[in-house]
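Heads up: the structure comes next, in structure tokens.
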There are 2 protein chains.
Amino acid sequence: MIKSISTGRTQQGYFSPVEKQMFGAALLADPDTSSPFSDVLSIAESGCSSSLLQQLTSVTKRFRHLKPEQYLLRQQDQFDSLFVVKKGALKSYRLTPEGEEIVTGFYMEGDVIGAGGLGNHKHFYSVVALEPSSLYEIPFAKLLQQSAMEPIVQQLMLKLLSQEMQADQSLRLIQLKQVKAAIASLILNIANRLTATQITLPMSRVDIANLLGVASETVCREFTRLQKQGLLSVNRKHIVINDLPQLQLAAGGDCY
Amino acid sequence: MIKSISTGRTQQGYFSPVEKQMFGAALLADPDTSSPFSDVLSIAESGCSSSLLQQLTSVTKRFRHLKPEQYLLRQQDQFDSLFVVKKGALKSYRLTPEGEEIVTGFYMEGDVIGAGGLGNHKHFYSVVALEPSSLYEIPFAKLLQQSAMEPIVQQLMLKLLSQEMQADQSLRLIQLKQVKAAIASLILNIANRLTATQITLPMSRVDIANLLGVASETVCREFTRLQKQGLLSVNRKHIVINDLPQLQLAAGGDCY
DNA sequence: CGTACGTTTGAGGGATATCAAATGTGGTGG
DNA sequence: CCACCACATTTGATATCCCTCAAACGTACG
């Protein structure tokens, strides 16, 4: 457990800011249990009680289970549902006209996937599992067809969208950093989510490179450099954080 | 008028993709006129007719007029309203802990501002006018309090959010390009919006640099280089497109 | 055991940053 | 209307970061 990393805030797509409540954990509460909803009341930031979650869990139509390299959805797929990651890790990406992969996000427990496709009823990226994963499926399109949506559900929807928006913003900010700082941020973020100083990355060096828009060799070299400086121990995908304060410093502060 | 640039799609924050209808123009229709709504029926992508616009215009509480360097909103401001640009140009930005400005978007006619703040009721960037601007104000927070929102208005809201999301995505993709390609994309985008081969940039070189995450000198040099290659004529903020096909090529295709 | 693939390391080149200075340009006050 | 100042833009020289091509190295998997 890392005390100083864990700020008690939920991250979206690895890079979300600002949320103060364990928002993701809320949705992760098993739909057929009834008690753990108390965490969640703050979602709508009103006293709206558990009806919100009941609404949601009642519309969580089914679950999806994916093996590594299986696709959750593909670019240009019709938008039908939102997904919330229950367990596992996934990446989303687009292809350039030249066929290069541009990774647009990583998703772990509690993250919401697919909100961006809502506007024009098409997803604009593909999502594939990096490890065995299970997800909640929320039939969003169906919700929209209802003549009048419960206001509290509306608020949740909007919150989901807004969260994905902020995740995108954060990702943009990461990309502006130097590679070393970006990687430090990435490691800190994952460690934060898993509340562990010792993590196993779900994604490859190439995936990280494609997220940051740099060459995979550069990612390797920066990992090596962070290790030589004593901040990390790196062995393939196994990472151990050795000097947390220095790593935070290298990340340029996790302030954004 | 540039034929080949004008694809008839609306851009959001300069970089939005995908929208096929003149979405912005819809909202720009003067609220007290009654006819020019026909363009707009496609917004909700159903045959929902003009009730949508009536809803919207009925809630467009008031207008905001800003002189250059006046602020529309500030980071951490409470979220109350969405804004739609009627005329002018604005930029949004955040400050790094070191006080550097990170430009998060430019906004022109028809663009929507502020959707990202919806989730946690706070705006996460400041927005300032680059030139004399006027905006529609949509009291969004108030809309949310209504016990049941018209489904068609819900759809519009979601579309607005989704559009801002796609704009963010597009911006990320731009940032991954080389500076030359990014600048070419920027010019093409503005020219596209204004349907003119001859444009006056509303933003400074520094603003562009802060958007792309590069040094302002680099932006200058790339402008110069594009001019030397005969693609553009550059005089301060006055830009003339001389070789459209080549410029599109330099942008890496406007495919994303 | 061997192959396939992801990772790591090396050398050289290109793109961009940084520091510095020159050049306009618009605005302000005389 | 002109002189001057403040500021944005442009250009130059050098340093740094990152890319590209290449090869070596492990590690997992058949």
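To find a chain, count down the sequence lines: A is the first, B the second, and so on, and within it residues start at 1. The structure displayed is predicted, hence computed values, not measured ones. Atoms considered below: every heavy atom in the structure, side chains included; atoms not considered: hydrogens, waters and symmetry mates.
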Rounded to whole angstroms, how far apart are [atom1] on [X] and [atom2] on [N]?
X	N	atom1	atom2	result
Leu130(B)	dA8(D)	CG	P	13 Å
Arg225(B)	dG14(C)	CZ	C1'	10 Å
Leu201(B)	dT10(D)	CG	P	10 Å
Gln178(B)	dA17(C)	CD	C1'	15 Å
Glu100(B)	dA17(C)	CD	C1'	12 Å
Lys177(B)	dC19(D)	NZ	C1'	19 Å
Lys180(B)	dC19(D)	NZ	C1'	17 Å
Glu222(B)	dA15(C)	CD	P	9 Å

Using a heavy-atom cut-off of under 4.0 Å over every strand shown, decide if Gln227(A) touches base, sugar-phosphate, or nothing.
-> nothing
Sorted by chain and residue number, the side-chain contact (heavy atoms from CB on, under 4.5 Å) partners of Ala209(A) (sequence neighbours excluded) come out as Val214(A), Ser216(A), Val219(A)
Under-3.5 Å N/O pairs linking protein and nucleotides 6-11 of chain C:
residue : atom : partner   : partner atom : Å
dG6(C)  : N2   : Arg236(A) : NH2          : 3.2
dT7(C)  : OP2  : Arg205(A) : N            : 3.2
dT7(C)  : O4'  : Arg236(A) : NH1          : 3.3
dT8(C)  : OP1  : Arg205(A) : NH2          : 3.1
dT8(C)  : OP2  : Arg205(A) : NE           : 2.6
dT8(C)  : OP2  : Arg205(A) : NH2          : 3.2
dT9(C)  : OP2  : Thr224(A) : OG1          : 2.6
dG10(C) : N7   : Arg221(A) : NH1          : 2.9
dG10(C) : O6   : Arg221(A) : NH2          : 3.1

Hey, can you pull the donor-acceptor pairs under 3.5 Å for the side chains in residues 228-236 of chain A, sequence neighbours left out?
residue   : atom : partner   : partner atom : Å
Gln229(A) : OE1  : Lys180(A) : NZ           : 3.3
Ser233(A) : OG   : Asn242(A) : ND2          : 2.7

Mutual orientation of the aromatic rings belonging to Phe79(B) and His123(B) [parallel < 30°, tilted 30-60°, perpendicular > 60°] = tilted
Going by distance alone, is a donor N or O of one side chain under 3.5 Å from an acceptor N or O of the other, for Ser126(A) and Tyr71(A)?
-> no
So, Lys177(A) and Ser185(A): side-chain donor and acceptor under 3.5 Å apart, yes or no?
-> yes
Taking the side chain from Arg172(A) and the backbone from Thr104(B), do they hold a donor-acceptor pair closer than 3.5 Å?
-> yes
